[in-house]
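Chain letters run A, B, ... following the sequence lines, proteins first, then strands; residues in each count from 1.
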Protein chains: 2
Amino acid sequence: MARLMIGDLARRTGTKINTIRFYEEIALMPRATRTDSGRRTYDEDDVRRLGFIRNGRELGFSTDELRSLISLSEQPERDCGAAAAIARNHLADVDARIARLLRLREELQQVATTCEGGRMADCRVIDGIADGGVS
Amino acid sequence: MARLMIGDLARRTGTKINTIRFYEEIALMPRATRTDSGRRTYDEDDVRRLGFIRNGRELGFSTDELRSLISLSEQPERDCGAAAAIARNHLADVDARIARLLRLREELQQVATTCEGGRMADCRVIDGIADGGVS
DNA sequence: ATAGAACCTCCAGTCACTGGAGGATCAAGG
DNA sequence: CCTTGATCCTCCAGTGACTGGAGGTTCTAT
């Protein structure tokens, strides 16, 4: 069972070494076992856990959300509804952001096409974004 | 011409007072004119500008992006083509953001809906995030 | 024996705010 | 005129999620 050094774990998961240490500090990763000289060592479970964390972060989950998802997953007998709730909540967030961005997109497009070859004084960019799709 | 106090501007734009002062500090808002006793006063232009900033921020534009858009708009004699180019550029940004969020949404929805009322041991939320959409 | 890679801790900085302490000023009521 | 309470001021510390670097130790290979 070759134990992994922090650099190996970093390469395996595409995570910076400092970030791994940071995750340990905020208890998102468990406290790593150490060699006699004090170096952190890891195993395949750690690779999976860190992989989960990285994916979760990329999907926009906060470290708090990930912490609760992880601790939930460590109680295999518990009901899964809480985990689903966290995901649904996050989904609602994403939906709202998409909706706002679509409105902005429309504004920007209008702005970009009606603003050809005039002077800035007549440029609708600022007003367009100032309205922010709250039209 | 009743001048607005910082609290009025805050209410009008849904911005916290401290945030307005912070925007002044980082030169996103101009240095406010002051009363004799040192209180900041604002007018309708400031309301519009702050509205623009808030909308832009909510839509994911950095303060740097907002600053350049604003400074462009403050050169009324300049050719508007530059602004249109920047607007198109931002449009491309927004398109990319929307596309990314739509992909994210799809994954999240799968994750959130395939997990109804089981045990954590079988929870699809955890697996879904762990897979990170590499499905 | 030694070079250099990889590790360690600790700390400062980033971005975009947010909150609070401690103090000044203003408008209204008594 | 005085007091009360709201509003304002400056300054500073903290947040989340990292990132980077200084200064020092340990491991591995030649």
Measuring from atom OG1 of B:T35 to atom CZ of B:R40, what distance do you get when rounded to the nearest 0.5 angstrom? 10.5 Å

Take atom CD of A:E58 and atom C1' of D:dA17, then tell me their distance rounded to the nearest Å. 14 Å

Need to verify one output field. Residue with the more 5' nearest nucleotide on DNA chain C, B:S37 or B:T63? B:T63

Kindly say if A:T19 contacts the phosphate of D:dT19, meaning a side-chain N or O under 4.0 Å from OP1 or OP2. yes

Going by number, which of residues 23-35 of chain A have a non-hydrogen atom under 4.0 Å from DNA chain C? A:R34

Looking only at D:dC9, C:dC8, C:dA16, the nucleotide nearest the B:R40 side chain is D:dC9

Please round to the nearest 0.5 Å and tell me the distance separating atom CE of A:M5 and atom OH of A:Y42. 9.5 Å

Without decimals, in angstroms, what is the distance between B:D36 CG and C:dC26 C1'? 13 Å

Rounded to whole Å, how long is the line connecting atom CG of A:D8 with atom P of C:dA5? 16 Å

Round to a whole Å and report the spacing from CD1 of B:I53 to P of C:dC17. 10 Å

B:R67 has an atom CZ; how far is it from atom P of C:dA16, in whole Å? 8 Å

Among C:dC8, D:dC18, C:dC17, the one nearest B:R54 by side-chain distance: C:dC17

Yes or no on side chain to side chain contact (heavy atoms under 4.5 Å, CB included) for B:L4 and B:D46, after CA distance, side-chain angles and deciding distance? CA-CA 9 Å; B:L4 304 166; B:D46 293 311; over 6 Å; no

note: B:I20, atom CD1; C:dT18, atom P; distance rounded to Å ~ 11 Å

Report yes or no: do A:I17 and A:F22 belong to one cluster of Ile/Leu/Val/Met/Phe/Trp/Tyr joined by side chain heavy-atom distances under 4.5 Å? yes

What integer distance in Å separates A:R11:CZ from C:dA5:P? 13 Å

Count the heavy atoms of every other residue, nucleotide or ligand shown that sit under 6.0 Å from CZ of B:R34, and state whether that count exceeds 12. yes

Test item: B:Y23 and B:L50 side chains (from C-beta on) under 4.5 Å apart, heavy atoms: yes

With a 4.0 Å cut-off on N to O distance, would you call A:R49 and A:E44 a salt bridge? no

Rounded to whole Å, how long is the line connecting atom CG of B:L4 with atom C1' of C:dC26? 17 Å

Kindly give the atom pairs (protein nitrogen or oxygen, nucleotide nitrogen or oxygen) under 3.5 Å for nucleotides 20-23 of chain D.
residue, atom, partner, partner atom, Å
D:dG20, OP2, A:K16, NZ, 3.2
D:dG20, N7, A:N18, ND2, 2.6

Is B:Q109 reaching over with its side chain to a backbone N or O of B:E106, donor-acceptor style, under 3.5 angstrom? no

To the nearest 0.5 Å, how far apart are CZ in A:F61 and CD1 in A:I53? 13.5 Å

Short side-chain N/O contact to C:dT9 OP1/OP2 from A:R39, under 4.0 Å: no

